[in-house]
Structure formats: C-alpha cells, structure tokens
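What follows is a single structure, written as structure tokens, with notes after it.
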Amino acid sequence: MRIAHIGLPKTASTFLQLNYFSKFKGSFFSTKDPFQWPNELKFVYLLNKEVEKHYKDWGKHDELLIHNKIIEKKLNYMYIKHKIRAKSFANSNKSIPRIILSSEGLYGINNKVNYLQMKLLKYCSIEKVIFIIRNQSDWLESFWNQIIVKEDRFSKYIEADYIFSSSEESIGYSLNWLDYVKSIINVFGQENVLVLPYEMLVNNPMFFFERLNQFIGLNPEKQPDFSKKIN
C-alpha cells in the first residue's frame, strides 16, 4: 500500500497527519513538523515556489502573459529533473510494504503543477491518492486570511482576482476542484482516487474516517480523537 494525501490547505491536513495518517504501521512522511520529508521529493516545495515567485507582477497583464510562458517552460524542465529523483525514491524504498506521503503542497498551486506532481508521485511508486476538498468560498476566506493577512506572503493590498481563479488557464491558485480531480484520475485511475469534503469531517467525522479506512484497506492502530482542533 502506497498512498499520498495531497491536501488542500485549510482542510484539516495537520490534524489528519498528527492523528490519523501517522498512526498506521509503516513509513509515514510529511512536510509538517515533527515529521520528515524525503530529500528526493523536494519537488513539492520547488514547483509551487516557481509559480509563487512571479506573483509580484500579477497586476501587470502584459508581464503576466510573458511570465506564464516562462513558468511553464521552467516547470517542464524541473519535472524532467525531479522524475529521476522520484524513481530513485521508489527504488530505494521498494522493500517497504506500506508508505504514506502527506503534504498540503502536493495538491499543486494550479492545474499545471498538480498534473506534474501527480505524475511524479506515480514515479515515486504511489498507488492511491486522497484529496480533501472544501467549499470554495469558505476555503478562499480561510486561505486568504492565512497567506495574505497573517503571513503577508505577497501583499495585503493585492486583489484576490490576481491570485485566485477557476479558469483552466490560471497560473495562480486554482479554485476549480473538478479540474484537479480529472487530473488526478487521469494519472491514477478512478478506482485509486478518493475525494472527500472537509465539511464531512466537521459534520460527520465517523463516516469520514470510515470512508478513509475502506479506501486504505485497514484501520489505524489508534482511532483519531475527534475533539482535538488544530489551527
């Protein structure tokens, strides 16, 4: 069993990493402290950052179009390089019977990054993918408060339309979960993809974890404490 949990951000990823995914026997890797992340899989940071570093020019339409082409070319180059590292991870861990990867960044900042990262996960020997989604308006408000208001990662005065979009051609944070789902299924096959809403975890946690257990094919050694809240 080799499974990747790919976020979204602000969908209880930290809670799931600490109280669920890390409770199975086997190797668990996460980009969240206190866990470790394999050096061969640093594409989860680098592909997203390649897009993010261009955000300062989003208000300039002409420059955005130019950067869009530059970004796509660079992402394709990075994909080729990281494919070798992903294969190395698969080869060095082929004797391990159970591996779970969990990172918010694995969902990919936009559809292009998502598709490349799903192909890289496939080269890592990942067999199944869990994707947690959330109502777009609630997700946008929560994520905006984190990356703009609290962290000021870009600018507190930037317009939301510049960095969030449901367009298939958007190079910023995508809001079209259906495009993501199609991309993931395209790589892994429908039977190997589980999409669950964050709202199910909030309103019916027992059913939420039953669905996860069925998809993974076993129960964790310790059941999650639903009373715990993180972030």
Side-chain angles (χ1 to χ4, degrees), residues 1-9 11-13 16-17 20-22 24 26-32 37-38 40-48 51 72 75-76 78-134 139 168 173-198 200-201 208-220:
M1 178 191 72
R2 293 167 187 268
I3 291 177
H5 160 242
I6 65 170
L8 297 165
T11 57
S13 296
L16 292 170
Q17 290 158 355
Y20 181 73
F21 291 118
S22 60
F24 288 94
S27 295
F28 174 72
F29 301 100
S30 174
T31 51
K32 188 73 175 178
W37 188 253
E40 302 98 321
L41 309 187
K42 287 187 176 180
F43 65 82
V44 67
Y45 303 109
L46 301 176
L47 270 67
N48 287 316
V51 176
E72 186 163 350
L75 289 176
N76 288 331
M78 295 171 70
Y79 164 74
I80 294 172
K81 181 173 66 174
H82 286 284
K83 181 169 70 172
I84 299 172
R85 296 175 181 175
K87 289 181 177 180
S88 174
F89 173 83
N91 185 59
S92 61
N93 290 280
K94 59 185 178 182
S95 62
I96 299 176
R98 186 175 299 125
I99 293 175
I100 298 180
L101 303 177
S102 178
S103 172
E104 292 179 346
L106 281 172
Y107 88 101
I109 196 170
N110 58 29
N111 296 321
K112 175 68 175 180
V113 176
N114 173 263
Y115 182 62
L116 294 179
Q117 294 199 149
M118 291 308 100
K119 292 201 294 183
L120 289 170
L121 284 177
K122 192 75 171 179
Y123 283 117
C124 291
S125 74
I126 292 299
E127 301 164 329
K128 292 185 174 185
V129 168
I130 297 166
F131 184 36
I132 311 298
I133 60 175
R134 185 175 179 178
W139 180 81
E168 187 175 347
Y173 289 103
S174 175
L175 295 169
N176 193 330
W177 309 150
L178 180 59
D179 284 344
Y180 277 95
V181 173
K182 289 179 179 178
S183 175
I184 300 166
I185 289 176
N186 185 34
V187 176
F188 289 95
Q190 187 168 344
E191 70 280 5
N192 296 316
V193 178
L194 177 66
V195 182
L196 291 177
Y198 166 80
M200 181 189 292
L201 172 60
F208 180 89
F209 285 107
E210 282 179 13
R211 293 291 306 277
L212 283 176
N213 292 342
Q214 290 172 3
F215 182 73
I216 293 174
L218 70 163
N219 296 323

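For this chain, numbers begin at 1 and follow the sequence in order.
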Should the heavy atoms of other residues, nucleotides or ligands under 6.0 Å from CD of Glu191 be counted, would the total exceed 12?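 Check passes, neighbour count above 12.
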
Lys112 side chain to Asn76 side chain, donor-acceptor N/O pair below 3.5 angstrom: yes

Residues Tyr115 and Asp179: side-chain donor-acceptor under 3.5 angstrom: no

Without swapping roles, check the side chain of [X] against the backbone of [Y] for a donor-acceptor pair under 3.5 Å.
X: Asn93; Y: Phe89; value: yes
X: Ser103; Y: Gly7; value: no
X: Thr11; Y: Ile133; value: no
X: Ser92; Y: Ser88; value: yes
X: Arg2; Y: Ile96; value: yes

How long is the gap from [atom1] on [X] to [atom2] on [Y], to the nearest 0.5 Å?
X: Lys128; Y: Ile126; atom1: NZ; atom2: CD1; result: 12.0 Å
X: Tyr198; Y: Leu8; atom1: OH; atom2: CG; result: 12.0 Å
X: Leu106; Y: Gln117; atom1: CG; atom2: CD; result: 6.0 Å
X: Lys83; Y: Lys81; atom1: NZ; atom2: NZ; result: 14.5 Å
X: Lys182; Y: Asn114; atom1: NZ; atom2: CG; result: 13.0 Å
X: Ile80; Y: Met78; atom1: CD1; atom2: CE; result: 12.0 Å

Answer yes or no: is there a side-chain heavy-atom contact under 4.5 Å between [X] and [Y]?
X: Ile6; Y: Leu121; value: yes
X: Tyr180; Y: Asn176; value: no
X: Leu46; Y: His82; value: yes
X: Tyr107; Y: Asn48; value: no
X: Leu196; Y: Ile130; value: no
X: Leu101; Y: Trp37; value: yes

side-chain contact (heavy atoms from CB on, under 4.5 Å) between Met118 and Asn186, worked out: CA-CA 9 Å; Met118 291 308 100; Asn186 185 34; over 6 Å; no

Apply side-chain contact (heavy atoms from CB on, under 4.5 Å) to residues Phe29 and Leu41 and explain how you reach the verdict. CA-CA 10 Å; Phe29 301 100; Leu41 309 187; over 6 Å; no

Evaluate the side-chain contact (heavy atoms from CB on, under 4.5 Å) criterion for residues Leu218 and Arg98: first the C-alpha distance (whole Å), next the side-chain angles of each, then the deciding distance (0.1 Å), finally the verdict. CA-CA 11 Å; Leu218 70 163; Arg98 186 175 299 125; 3.8 Å; yes

Heavy-atom pair of closest approach, residues [X] and [Y]:
X: Val44; Y: Gly105; result: CG2-C, 3.5 Å
X: Val193; Y: Gly189; result: CG2-O, 3.4 Å
X: Tyr20; Y: Asn213; result: OH-OD1, 2.6 Å

Is there a side-chain contact (heavy atoms from CB on, under 4.5 Å) between Phe209 and Leu16 once you walk through the steps? CA-CA 10 Å; Phe209 285 107; Leu16 292 170; 3.8 Å; yes

Evaluate the ring planes of Trp177 and Phe131, with Trp represented by its six-membered ring, and classify them as parallel (under 30°), tilted (30 to 60°) or perpendicular (over 60°). perpendicular

Which residue, Ile132, Val129, Leu194, forms the side-chain contact (heavy atoms from CB on, under 4.5 Å) with His5?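 Checked Ile132, Val129, Leu194 against His5; only one passes side-chain contact (heavy atoms from CB on, under 4.5 Å): Ile132.
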
Dump the intermediate steps for side chain to side chain donor-acceptor pair (under 3.5 Å) on Gln17 and Ser102, then the final yes or no. CA-CA 7 Å; Gln17 290 158 355; Ser102 178; 3.0 Å; yes

